[in-house]
Amino acid sequence: MTSPIMSTYARLPVTFTRGQGAWLWDQNDKRYLDALSGIAVCNLGHAHPRIHEAISKQSAQLLHTSNLYGIQAQQQLAGKLVEASAMDNVFFCNSGAEANEAAIKIARLYGHGRNNARPQILVMEKSFHGRTLATLSATGNARIQQGFTPLLEGFVRVPFDNIPAIESTLQQHEDIVAILVEPIQGEGGVIIPEQNYLNRLRCICDDNDLLLMLDEVQTGIGRTGRMFAYQHNAIVPDVCTLAKALGNGVPIGACLARGKAADIFTPGSHGSTFGGNPLACSAALAVLETLEGDRLPAQAEEKGQAICSGLGQRLQDNTAIVDIRHKGMMLAIEMQQPCTELVGKALEHGLLINVTAENTIRLLPPLVIDHQQIDLLIETLATVIQEHSE
Ligand SMILES: Cc1ncc(COP(=O)(O)O)c(C=O)c1O
């Protein structure tokens with residue numbers, strides 16, 4: 001029988017019924033260690049009591065009114081986000097792609113405000129910004145774009161982590177108004193740029209009056225060892241997009257803006273029915289309070305280091321490995337050969353991992369993973385990789 005669900009995903013043969021922290025259980029009550037967090041979503045793990053409490057309380061009070069009216073939890077969440085990020089204001093939506101749509105619209109309005117009738121946004125090769133038509137046009141992956149032409153115009157592409165390429169492109173294109181970039185490319189293979197990359201982008205944007213727009217949908221909310229990845233560089237962007245871990249599983253996206261980017265939207269220029277509703281905002285408030293209270297970004301730094309060095313030691317003689325790298329709890333084991341079959345092998349061993357860019361094992365464990373679970377993760381993954389390399 002064909003499935004009543006459209007076949008947009010190549011699903012693994014497992015269905016989870018409950019979770020606790022970094023553990024998940026399937027329909028047969030088999031236990032799995034989650035080293036992926038729903039692809040960087042459940043940073044606080046599964047069934048976190050603070051999130052459960054916030055959602056239950058809010059759902060008993062008020063689920064939805066509309067952005068036609070004031071929303072208390074949205075006000076509070078915006079205040080907390082602005083304080084944590086050094087940005088000025090926030091637009092709330094429901095996903096990462098939507099947050100990037102808002103950023104793209106801000107960049108276009110910014111350009112038009114400067115009498116630029118065809119504003120262009122500089123984007124990167126191997127980037128990922130979402131699956132809506134605008135965000136897949138911005139994405140640097142031909143496979144994701146295939147079949148969806150005509151793509152949205154208005155994007156100029158350069159290689160990631162390559163400042164000279166940006167400088168020469170800016171000389172050739174007068175219409176560029178913004179740079180949209182992930183601080184670390186997630187889907188592209190956990191590509192960590194040289195340490196000063198964001199500082200140099202900040203300077204280029206200042207010198208050329210461009211908006212620096214950071215897609216922190218995957219890197220944000222404590223994942224890399226700071227609340228936001230740009231805080232490793234002591235810069236502040238003009239626009240920053242968030243989603244994924246902001247609601248720990250409750251859908252919410254956010255587009256933060258600062259300075260000249262903060263006054264661009266006016267009533268009527270953008271909107272969302274569900275964006276910033278009381279339920280999602282209450283969940284996100286509880287996420288931010290817990291992250292801060294439990295100092296989870298600092299834990300991400302320390303635990304990511306422990307996983308990286310543990311795997312490095314266990315796999316030091318394995319010649320199939322090209323590189324093991326990480327920024328906080330965003331980790332990659334790059335292999336010589338394509339290795340997508342490792343996902344299924346790890347699953348058999350009770351471990352959830354992901355392979356991206358065909359040859360890179362990606363780990364995004366919940367930040368609440370404990371040290372015993374870290375040891376189990378290292379041991380299980382090393383075994384899976386060794387068996388595969390034999
Ligand atoms: C960097 C980045 N931007 C945007 C998105 C799209 O987010 P969503 O799937 O919530 O639309 C993703 C999702 O993986 C992402 O990693």
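Residues: numbered from 1 along the sequence shown. Whatever order the structure lists them in is the order used to number ligands and atoms, beginning at 1. Values in this document were obtained by computation on a predicted structure and should not be read as measured data.
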salt_bridge(E379, R314) N-O dist < 4.0 Å | yes
Atom-level proximity to ligand 1, residues with heavy atom under 4.0 Å = S95, G96, A97, N100, F128, H129, G130, E182, E187, D215, V217, Q218, K244
Salt bridge or not for E301 and K327, using N-O below 4.0 Å?
-> no
Salt-bridged, R258 to D263, with N to O below 4.0 Å?
-> no
N359 (side chain) donor-acceptor with C339 (main chain) under 3.5 angstrom = no
May I ask you to check whether T132 and E101 show a side-chain donor-acceptor distance below 3.5 Å?
-> yes
Give a yes or no on whether a salt bridge exists between R362 and E187, defined as a side-chain N under 4.0 angstrom from a carboxylate O.
-> yes
